Amino acid sequence: MAKKCLILGGGGFIGSHLADSLLEKGHEVVIFDKLNFSRKNINHILDRVRIIEGDFNNEVDLKNSLVGIDYVFHLVSSTLPATSNENPIYDVETNLVSSLRFLNEAVANKIARVIFISSGGTVYGVPDEIPVKENHPCKPICSYGIIKKTIEDYLYMFYNLYGLDYRVFRLSNPYGERQNPFVAQGVVPVFLKKIIKGETIEIWGDGSVVRDYIYIKDAVRALVKSLEADTKAKVFNLSYGTGHSLNDVLEIMRRVAGTEPGVVYKQGRSIDVPVSVLDNSLISSSYGWKPETNLETGIKKTYEYIKKEIQ
Ligand SMILES: NC(=O)c1ccc[n+]([C@@H]2O[C@H](COP(=O)([O-])OP(=O)(O)OC[C@H]3O[C@@H](n4cnc5c(N)ncnc54)[C@H](O)[C@@H]3O)[C@@H](O)[C@H]2O)c1
């Protein structure tokens with residue numbers, strides 16, 4: 001049955017792919033994003049979605065956006081892992097406080113389920129064992145991860161106090177078409193853009209940092225499934241389940257682009273955990289979902305997209 005879905009932050013990288021997937025499955029989609037936000041990511045679906053422009057930090061905008069909605073995907077974040085420690089108060093005010101306001105409104109509007117995109121790369125901190133399972137202790141080392149985990153905890157509290165249903169997806173490292181190559185999140189588009197433009201790639205550390213890269217269309221397929229199934233668990237890792245070092249990623253890019261990029265290695269950053277690979281067996285068994293796109297195939301698709309965008 002078609003569900004009425006609101007995507008908070010729906011004009012962004014993940015939100016726009018999620019909108020595509022929801023529409024494919026026949027659901028109704030409302031996109032909430034900033035005033036005058038760029039329509040670039042959603043130009044192709046403008047005739048099939050309703051758009052609400054507003055500020056997630058504004059209570060009235062939030063209240064209005066929830067009218068007539070059953071399911072809400074919360075994808076708004078004002079900070080990034082790499083820079084969130086510079087101003088934790090801003091992080092608390094714009095992400096935590098606003099999310100709490102949103103949860104109050106969700107209860108008042110009898111929202112059927114809130115689906116929150118958390119961060120598998122930061123909520124666990126430095127893992128004790130790999131791959132990381134959902135019951136691994138959470139010891140985030142950046143403000144971004146602390147806020148994501150705290151919002152997860154409040155979702156649990158709102159569920160217990162008011163029966164507000166929820167799902168949390170601790171997403172690993174998504175990449176793919178439409179990811180912004182100009183921000184400090186996502187090495188795949190950043191490196192590919194530099195390769196295409198013939199610029200030097202900068203790597204923090206010796207390139208041994210390992211991450212679990214998941215192609216965006218695989219990731220949103222899992223998010224859409226969260227509407228259908230009633231699962232016992234509410235918190236899931238969402239990942240490919242295999243680790244690749246930055247040097248591995250570069251090697252794949254060399255093959256895909258057929259060029260030898262210039263690379264400089266710089267001092268490592270304290271906010272980068274050395275290894276992050278997430279166990280995805282819980283989401284696989286609960287939703288019958290598996291990632292289908294390996295890193296080389298996903299990088300090829302992203303490379304073609306960025307090449308077209310830049311040229
Ligand atoms: N991209 C990643 O690597 C990654 C990994 C794990 C989790 N996440 C989480 O997934 C979510 C979406 O990430 P993304 O990569 O699509 O980011 P994005 O920046 O591409 O999209 C976020 C969207 O939210 C909108 N937004 C931000 N502040 C807003 C506000 N105050 N009011 C209204 N809209 C606002 C932005 O305009 C943007 O369109 C975020 O919560 C992020 O923390 C991302």
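Heads up: numbering here begins at 1 and tracks the sequence. We use all heavy atoms of the structure for the numbers below, so side chains are in, but hydrogens, waters and symmetry mates are not. Note that the structure is a prediction, hence the values are computed from the model and not measured. First listed ligand is number 1; within each ligand, the first listed atom is number 1.
- The shortest separation from a heavy atom of F32 to ligand 1 is under 4.0 Å, placing the residue in contact.
- Within the listing of ligand 1, atoms 31 (N) sit less than 4.0 angstrom from a heavy atom of N57.
- Remark: atom 17 (O) of ligand 1 lies closer than 4.0 Å to no protein heavy atom.
- Proximity of P174 to ligand 1 is established by a heavy-atom distance of less than 4.0 Å.
- Between Y287 and F169, the ring-plane angle classifies as tilted under the 30° and 60° cut-offs.
- At the shortest separation from atom 35 (C) of ligand 1 among protein heavy atoms lies K34 CG, 3.6 Å.
- When each of I147, N57, T150 is checked for a side chain to side chain contact (heavy atoms under 4.5 Å, CB included) with N95, only I147 meets the rule.
- By the criterion of a heavy-atom distance under 4.0 Å, both the backbone and the side chain of F56 are placed next to ligand 1.
- Looking only at protein heavy atoms, the nearest one to atom 21 (O) of ligand 1 is G12 CA, 3.3 Å.
- Ligand 1 places these atoms under 4.0 Å from at least one heavy atom of D55: 30 (C), 31 (N), 32 (N).
- Atoms of ligand 1 lying under 4.0 Å from any heavy atom of G11, numbered from 1 in the order shown and given with element: 39 (O).
- In terms of modelled atom types and a separation under 3.5 Å, the side chain of H17 and the main chain of E177 share a donor-acceptor contact.
- The closest approach between S172 and ligand 1 falls below 4.0 Å for a heavy atom of the residue.
- The pair R39-E53 counts as a salt bridge, with a side-chain nitrogen and a carboxylate oxygen less than 4.0 angstrom apart.
- For atom 13 (O) of ligand 1, the nearest protein heavy atom (residue, atom name, distance) is I14 CD1, 3.6 Å.
- Taking a cut-off of under 4.0 Å to the non-hydrogen atoms of Y144, the atoms of ligand 1 that pass are 7 (C), 8 (N), 9 (C), 42 (C), 43 (O).
- Side-chain N/O atoms of E134 and Y124 include no donor and acceptor closer than 3.5 Å.
- Using a distance-only test at 3.5 Å, with no hydrogens or angles considered, a donor-acceptor pair links the side chain of N294 to the main chain of T297.
- Inclusion of F37 in the set of residues having an N or O under 3.5 Å from an N or O of ligand 1 is not warranted.
- Interface atoms of ligand 1 facing K148, defined by a heavy-atom separation under 4.0 Å, are 9 (C), 40 (C), 41 (O), 42 (C), 43 (O).
- Residue contacts with ligand 1: F13 is placed with a nitrogen or oxygen under 3.5 Å of a nitrogen or oxygen of the ligand (distance criterion only).
- For atom 36 (C) of ligand 1, the nearest protein heavy atom (residue, atom name, distance) is D33 OD1, 3.4 Å.
- Residue-level proximity to ligand 1 for S98 is absent, since no heavy atom of it falls below 4.0 angstrom.
- Using a 4.0 Å cut-off between charged nitrogen and carboxylate oxygen, D20 and R221 do not count as a salt-bridge pair.
- Looking at S118, S16, G120 and measuring to atom 6 (C) of ligand 1, the nearest heavy atom belongs to S118.
- For the residue pair S245 and N247, no side-chain donor N or O sits within less than 3.5 Å of a side-chain acceptor on the partner.
- The protein atom (non-hydrogen) at minimum distance from atom 23 (C) of ligand 1 is G9 O, 3.5 Å.
- Electrostatic pairing of K4 and E28 does not count as a salt bridge here, judged by no charged N lying under 4.0 Å from a carboxylate O.
- A salt bridge is absent between K25 and E228: the closest approach of a Lys/Arg side-chain nitrogen to an acidic carboxylate oxygen does not fall below 4.0 angstrom.
- Shortest contact from atom 4 (C) of ligand 1 to any protein heavy atom: Q185 NE2, 3.4 Å.
- The distance from ligand 1 to the heavy atoms of G54 drops below 4.0 Å at these ligand atoms: 32 (N), 33 (C).
- For atom 11 (C) of ligand 1, the closest non-hydrogen atom of the protein is L75 O, 3.2 Å.
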Side chain to side chain donor-acceptor pair (under 3.5 Å) between S226 and R113, intermediate numbers included: CA-CA 9 Å; S226 73; R113 189 175 292 165; 5.6 Å; no
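- Between Y159 and Y166, the ring planes lie perpendicular to each other; the angle is over 60°, past the 30° to 60° tilted range.
- Residue contacts with ligand 1 do not include N173, since none of its heavy atoms lies under 4.0 Å from the ligand.
- Summarising the local packing, CZ of R254 is surrounded by more than 12 heavy atoms from other residues, nucleotides or ligands at distances under 6.0 Å.
- With S16 contributing its side chain and G11 its backbone, the two residues share no donor-acceptor pair below 3.5 Å.
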